[in-house]
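Side chains included, hydrogens not; waters and symmetry mates left out as well; all remaining heavy atoms used.
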Amino acid sequence: MATEIKFLRDQNHEVLRQNQMENDSKCSSIQKDVLKGNGDNTLENSVVDKSFLVPLITEYDKHLEEINGQLQYYQKQMGEMKLQLENVIKENERSELSRQKLHTQELLSQLEMANEKVVENEKLILEHQEKSDRLQRRLIEAEQRAASASQQLSVITVQRRKAASMMNLEKI
């Protein structure tokens, strides 16, 4: 902003210098005397002053119009850029939301698969537990039968020994 103001001042000084040179060549000797301070007529001073001011004011107005045009152009550009920025921000938000939604769906899918495996594993564990229980019962039954057979064998062995010893006694 400061550089623009400096630029405008420099430009105004340049235009003023050009207008003074043009007016110096157009001025009558009376006007030159008035400009040098030799004239006492205030009416002549105001005429000379107006002759200097009109081109300056005209040039200033032109320059002001140019600056206003540039300002309007830059304001329009800023408005357009602001809209573009807002659109980019909205698009980024939509894109980020889409990315997050996709990531969430992937996680949900993985969770569902994990839940299915847990259910499947629980079924397998239950089946293995039932098999283990059946085998345990069969083992207990087999041990009981073996114990019973062992007792019966012991009884038979004892009875045979008694019978053998009785036979030995009868032989004697």
Gap between atom [atom2] of [Y] and atom [atom1] of [X] - 0.5 Å precision:
X	Y	atom1	atom2	answer
Asn92	Asn87	CG	CG	11.0 Å
Lys76	Gln72	NZ	CD	10.5 Å
Gln151	Ile156	CD	CD1	12.0 Å
Arg134	Arg137	CZ	CZ	7.5 Å
Ser95	Glu91	OG	CD	6.5 Å
Met113	Glu120	CE	CD	11.0 Å

How far apart are the C-alpha atoms of Glu59 and His63, what are their side-chain angles, what is the distance that settles it, and do they pass the side-chain contact (heavy atoms from CB on, under 4.5 Å) test? CA-CA 6 Å; Glu59 193 63 35; His63 189 66; 5.6 Å; no

Does a side-chain heavy-atom distance below 4.5 Å link [X] with [Y]?
X	Y	result
Tyr60	Leu56	no
Lys131	Glu127	no
Leu97	Gln100	yes

Stepwise side-chain contact (heavy atoms from CB on, under 4.5 Å) check, Gln105 with Leu102: CA-CA 5 Å; Gln105 288 173 343; Leu102 181 62; 4.1 Å; yes

Salt bridge Glu96-Arg99, side-chain N to carboxylate O under 4.0 Å: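 Here Glu96 pairs with Arg99 in a salt bridge, since their nearest N and O are under 4.0 Å apart.
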
Electrostatic pair Glu65-Lys62, nearest N-O below 4.0 angstrom: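 The answer is no: the pair does not qualify as a salt bridge.
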
Distance-only polar pair, side chains of Gln77 and Tyr73, donor-acceptor under 3.5 Å: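 Indeed, the side chains of Gln77 and Tyr73 share at least one donor-acceptor pair under 3.5 Å.
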
Give a yes or no on whether the backbone of Gln144 and the side-chain of Ser148 come within a donor-acceptor separation of less than 3.5 Å.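 No, Ser148 side chain to Gln144 backbone: no donor-acceptor pair under 3.5 Å.
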
Taking His128's backbone N and O only, do any of them form a donor-acceptor pair with Ser132's side chain (distance below 3.5 Å, no angle check)?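 Checked: no pair found.
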
Counting only heavy atoms not in Arg160, do more than 12 fall under 6.0 Å of its CZ?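 Open.
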
